[in-house]
Amino acid sequence: MSHAGHGGMGDGPACKISMLWNWYTIDACFLSSSWHITTNGAFAATCIGVILMVILLEALRRVGKEYDEHIQRDFAARVALIANGGLGSTTTTAQSCPGASPSSSSSNEAVAPQTVTFRASPLQQFIRALIHTATFGLAYIVMLLAMYYNGYVIISILIGALLGKFLCDWMTKTVVIGADGTAAVKNGGLVGGGIDEPTVCCG
């Protein structure tokens with residue numbers, strides 16, 4: 001079913017809007033009557049704008065992942081400092097006790113693990129929420145554009161998704177090679193896509 005909306009200015013041409021697949025160019029409208037395509041150049045600019053919008057969406061998703069990874073790295077660094085300090089004090093205490101032996105000290109360390117709970121600061125959580133809101137809002141606008149069922153616009157969305165993934169979500173991983181020749185992929189070395197994937201071991 002298709003219907004025509006009214007143009008935003010007097011007796012001008014009406015907007016062409018359809019709930020079925022269509023290839024409208026001239027007089028196509030998107031989101032509001034002010035977004036009324038009157039020339040082929042304006043429609044080409046719309047398609048380019050949609051492509052850039054989807055690329056920006058992928059860039060925002062990448063920013064969110066990178067910021068979360070930045071927070072996790074900062075926390076890991078602080079935990080490492082705490083762990084190193086704790087190990088140093090334990091070693092000093094063991095060496096100063098006449099009856100302590102290296103084996104008993106090692107067993108005590110092995111059976112006494114420590115748990116550190118991390119919570120993002122209010123500022124960090126606000127920045128995460130802000131990035132999420134911008135990403136969510138832009139994704140919603142892209143979804144509304146797709147609901148016009150315009151073939152050219154949907155193709156533009158797909159092109160934007162392809163370019164956005166290619167440019168903004170390039171995957172690299174850090175592989176740690178052990179002394180026994182085994183290799184493991186570190187989660188901390190993930191950049192871009194796959195940041196939520198579990199650690200993969202091979203070999």
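FYI, the numbering just counts along the sequence from 1. This is a predicted model, so every value here is computed, not measured.
The pair Arg128-Asp68 counts as a salt bridge, with a side-chain nitrogen and a carboxylate oxygen less than 4.0 angstrom apart. A salt bridge links Glu69 with Arg73: the closest approach of a Lys/Arg side-chain nitrogen to an acidic carboxylate oxygen falls below 4.0 angstrom.
Using the six-membered ring where Trp is involved, Trp23 and Trp21 have ring planes that are perpendicular, over 60° apart on the 30 and 60° scheme.
The neighbour count for Phe136 CZ, taken as heavy atoms of other residues, nucleotides or ligands under 6.0 Å away, does not exceed 12. Annotation for Phe118: atom CZ counts as buried by contact number, over 12 foreign heavy atoms lying within 6.0 Å.
Cluster annotation: Leu130 is not connected to Leu123 through the hydrophobic network of ILVMFWY side chains, with a link wherever side-chain heavy atoms come within less than 4.5 Å. Side-chain heavy atoms closer than 4.5 Å link hydrophobic residues (I, L, V, M, F, W, Y) into clusters, and following such links, even through other members, never connects Phe126 to Phe75.
The two atoms that bring Glu58 and Lys165 nearest to each other are CG-N, 4.0 Å, heavy atoms only. Across all their heavy atoms, Ile26 and Thr39 have their closest contact at CD1-C, 3.5 Å. Considering every non-hydrogen atom in both Ser156 and Val50, the closest pair reads CB-CG1, 4.0 Å. Pairing each heavy atom of Pro13 with each of His36, the nearest pair is O-CE1, 3.2 Å. Heavy-atom minimum distance, Leu145 versus Val153: O-CG1, 4.1 Å.
Taking CG of Leu57 as the reference point, atom CD1 of Ile157 lies at 10.5 Å (rounded to 0.5 Å).
Considering only heavy atoms from C-beta on, Cys29 stays 4.5 Å or farther from Trp35 through its side chain. Between Tyr67 and Ile127 there is a side-chain heavy-atom pair separated by less than 4.5 Å. With a 4.5 Å cut-off on side-chain heavy atoms, Asp169 and Arg61 do not count as touching.
Under the rule for a side-chain contact (heavy atoms from CB on, under 4.5 Å), the partners of Tyr148 that lie at least two apart in sequence or sit in another chain are Ile17, Phe30, Leu31.
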